[in-house]
Amino acid sequence: MAFAITQTCCNDASCVSVCPVNCIHPTPDEPDFGTTEMLYVDPRTCIDCGACADACPVDAIFPADSLLGPMRAYADINAAYYADQEPVDVLGLAPNFHAWGPPTFDRRIPSDFAPLDVAVVGTGPAGMYAVEDLLLHTGSRVTLIDRLPVAGGLVRYGVAPDHPSTKKIGETFARFHDHPRVKLRLGVEVGRDVSVDDLAERYDAVIYAVGASSARRLGIAGEDLPGSLAATTVVAWYNGHPDVAADAVDLSAERVVVVGTGNVALDVARILTADPAALAGTEISPEALSRLRTSKVREVVLLARRGPESAAYTRPELLALTQREDVDLVVDSHDPRIAETIDAAAPGDKAALLRDLARETVDWSAPPRHGKRRIVLRFHSAPEAITGDSQVRGLRVGGGTEIAAGQVIRAVGYRGTPVPGLPFDEQTGTIPNEGGRVRPGTYVVGWIKRGPSGGIGANRACAAETVGSLLDEAVAGRLPARKRQGRKAALLGRRRGG
Ligand code: NAP
């Protein structure tokens, strides 16, 4: 029996490189890599060795015959990825699909390459994949800087607490914090405690992995009313982020509208409807947990401006939501296109996951019904205004329908913020770069480089590209000469724990 990759796949391809029979795809050099929602084991080729399960940083890989309950679906999901392969040989495999490609040597580092001193700003996944790459492939010394007193970035403060396997990747990153060639400087903010110029003068190269820490705006009336808040605030709140107050999220309304259907919207909907007892023992902030225990929230509406075929969530996350027994998941069938799309969806389409859900034409002027908590998916509904005078009363969507709600959470994406001293593209909320290079000696990686999309593992290839650009310039002798040596420790303060 083969192994199968399941819901929490982080796509960083750690499993691909250890598979002795190349049965996990897409591999990083295949065109689909980065576009599929997860990676898949070909059950026809898997030899059951378990190397992938050992290497997986998020515990997502199991023997298919050990999967229980809702997780059993992943045996078929893995196999389905290979269903279109032309069966041409005795094993039913497409020609050469599992053959090894020729080795690629896209980095040329001379044997006498001198170690670099590199500062990496940001301890989230993007920064840590860059650190890993530098430490494992060069003799570089790395100073790792974060403005917060605890390392981890979005793994610590962004991943939902009911996803402990995903949070586990933080342990993989944390092993580099104590690496002999790493200095960790926490509580140091670029622009406040140290400037871009200071870092450029003292390090051979600086990599900014500062993420996208603010929220995109909707640009509609009522957005700043009390009761309207960004999902970034809610996510930070349940993760105990030091910048967000324990009472930042008001749970006194029975209905909450979440604008957006990305995985962040799903995270927020899940946590707000969760049984608090199920969250006890997770890394949720104790204050958030205690407020969830007295929460009045009964219904969360996930609002999509497009149809069910174009929802932004990934299939594994929606699948997990459909399998929750403590919460009803309902589709608002207010528009005939919704049922048509769901009924006509092919098995692999996103809309097909909604086929077995209850459909209802919801009366949005009435309060949510009592009984089980529920999540309602409302498609084809662009938000037009958040209504209310001194407090959110609801949200008006196209066609004039007003969804009565005491809280509106805008989960329409993160947005990068400028780093004083570096260029910034206001349109995209990113730092302009070419392959991660901003200018000689200054690089970016992660969401501040490519925009706020893609899960944790997407940062591995992103970091490889950035570190590649840095090393190319170093090897070509194009890094600016360091102006000042030493005194880095004084400049960046003493190491603080986390
Ligand atoms: P996202 O996936 O880009 O979703 C943004 C959502 O906001 C979309 O539904 C989008 O609709 C909607 N939206 C944007 N502008 C809007 C507007 N003006 N009016 C109405 N709706 C609007 O962003 P995200 O949820 O913040 O997630 C960011 C990344 O992190 C994603 O790659 C996500 O998969 C990843 N992530 C992964 C996990 C996980 O794996 N468990 C958890 C959290 C985040 P349209 O599609 O119509 O534009």
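Numbering of ligands and ligand atoms starts at 1, following listing order.
For the residue pair Thr123 and Arg156, no side-chain donor N or O sits within less than 3.5 Å of a side-chain acceptor on the partner. In this structure, a donor-acceptor pair under 3.5 Å is absent between the side chains of Arg305 and Ser381. Using modelled atom types and a 3.5 Å distance limit, the side chains of His334 and Glu360 yield no donor-acceptor pair. A donor and an acceptor atom, one from each side chain of Thr314 and Asn263, are located under 3.5 Å apart. Defined by atom type and a distance below 3.5 Å, a donor-acceptor pair is missing between the side-chain atoms of Asp42 and Tyr81. Between the side chains of Thr466 and Lys449, at least one donor-acceptor pair of N or O atoms lies under 3.5 Å.
For atom 8 (C) of ligand 1, the closest non-hydrogen atom on the protein side is Ala312 CB, 3.6 Å. Of all protein heavy atoms, the one lying nearest to atom 32 (O) of ligand 1 is Gly454 N, 2.6 Å. Protein heavy atom closest to atom 1 (P) of ligand 1, with residue, atom name and distance, is Gly262 CA, 4.2 Å. For atom 13 (N) of ligand 1, the nearest protein heavy atom (residue, atom name, distance) is Val412 CG1, 3.6 Å. Looking at atom 9 (O) of ligand 1, its nearest protein heavy atom turns out to be Thr261 N, 2.9 Å. The protein heavy atom nearest to atom 34 (O) of ligand 1 is Asn263 ND2, 3.2 Å. With hydrogens left out, the protein atom closest to atom 23 (O) of ligand 1 is Gly413 CA, 4.2 Å, a heavy atom. Here the heavy atom of the protein found nearest to atom 43 (C) of ligand 1 is Asp267 OD2, 3.5 Å.
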> Given the rule in the side-chain hydrogen bond (donor to acceptor under 3.5 Å, both in side chains) test, do Thr387 and Glu402 qualify, once you have shown the distances and angles that lead to the verdict?
Replying inline: CA-CA 8 Å; Thr387 56; Glu402 180 170 334; 2.8 Å; yes
>> For Leu303 and Val258: C-alpha separation, side-chain torsions, deciding distance, then whether side chain to side chain contact (heavy atoms under 4.5 Å, CB included) applies.
In response: CA-CA 6 Å; Leu303 196 76; Val258 178; over 6 Å; no
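For atom 4 (O) of ligand 1, the protein comes within 4.0 Å by at least one heavy atom. Protein non-hydrogen atoms do reach within 4.0 Å of atom 16 (C) of ligand 1.
A salt bridge does not link Asp328 to Arg373: none of the charged side-chain nitrogens sits closer than 4.0 Å to a carboxylate oxygen. In summary, Glu254 and Arg298 do not engage in a salt bridge, as defined by a charged side-chain N under 4.0 Å from a carboxylate O. Look at Asp224 and Arg217 and you find a salt bridge, because one of the NZ, NE, NH1 or NH2 atoms lies within 4.0 Å of a carboxylate O, short of that distance.
Atom numbering of ligand 1 starts at 1 in the shown order; those under 4.0 Å from a heavy atom of Glu317 are 41 (N). Atom numbering of ligand 1 starts at 1 in the shown order; those under 4.0 Å from a heavy atom of Pro452 are 28 (C), 29 (C). Remark: ligand 1 atoms within the under-4.0 Å shell around heavy atoms of Val264 are 24 (P), 25 (O), 26 (O), 27 (O), 43 (C), 44 (C). For ligand 1, the atoms closer than 4.0 angstrom to any heavy atom of Arg216 are 14 (C), 15 (N). Below 4.0 Å from some heavy atom of Leu218 lie the following atoms of ligand 1, by number and element: 17 (C), 18 (N), 19 (N). Atoms of ligand 1 found under 4.0 Å from any heavy atom of Pro383 (numbered from 1 in listed order, with element): 19 (N), 20 (C).
Of the candidates Arg306, Glu384, Arg410, it is Arg306 that places a heavy atom closest to atom 45 (P) of ligand 1. For atom 12 (C) of ligand 1, the candidate residues are Ala311, Gly260, Cys9; the nearest heavy-atom contact is made by Gly260. With distances taken over non-hydrogen atoms, the option nearest atom 18 (N) of ligand 1 out of His163, Gln7, Arg270, Arg305 is Arg305.
Within 6.0 Å of CZ on Arg72 lie no more than 12 heavy atoms contributed by other residues, nucleotides or ligands. Under a cut-off of 6.0 angstrom, the local environment of CD in Glu309 is crowded, with over 12 non-hydrogen atoms contributed by other residues, nucleotides or ligands.
Using a 4.5 Å cut-off on side-chain heavy atoms (C-beta onward), Val330 and Ile375 make no contact. You'll find the side chain of Leu154 reaches within 4.5 Å of the side chain of Trp447, heavy atoms only.
Taking distance alone, with nitrogen or oxygen atoms compared against 3.5 Å, Trp447 stays at or beyond that limit from ligand 1. Taking distance alone, with nitrogen or oxygen atoms compared against 3.5 Å, Ala265 stays at or beyond that limit from ligand 1.
Contact annotation: Ala411 has at least one heavy atom less than 4.0 Å from an atom of ligand 1. By the 4.0 Å heavy-atom criterion, Ser453 is counted among the residues contacting ligand 1.
By the criterion of a heavy-atom distance under 4.0 Å, neither the backbone nor the side chain of Thr166 is placed next to ligand 1. Of all the heavy atoms of Ala160, none lies under 4.0 Å from any atom of ligand 1, so neither backbone nor side chain is involved.
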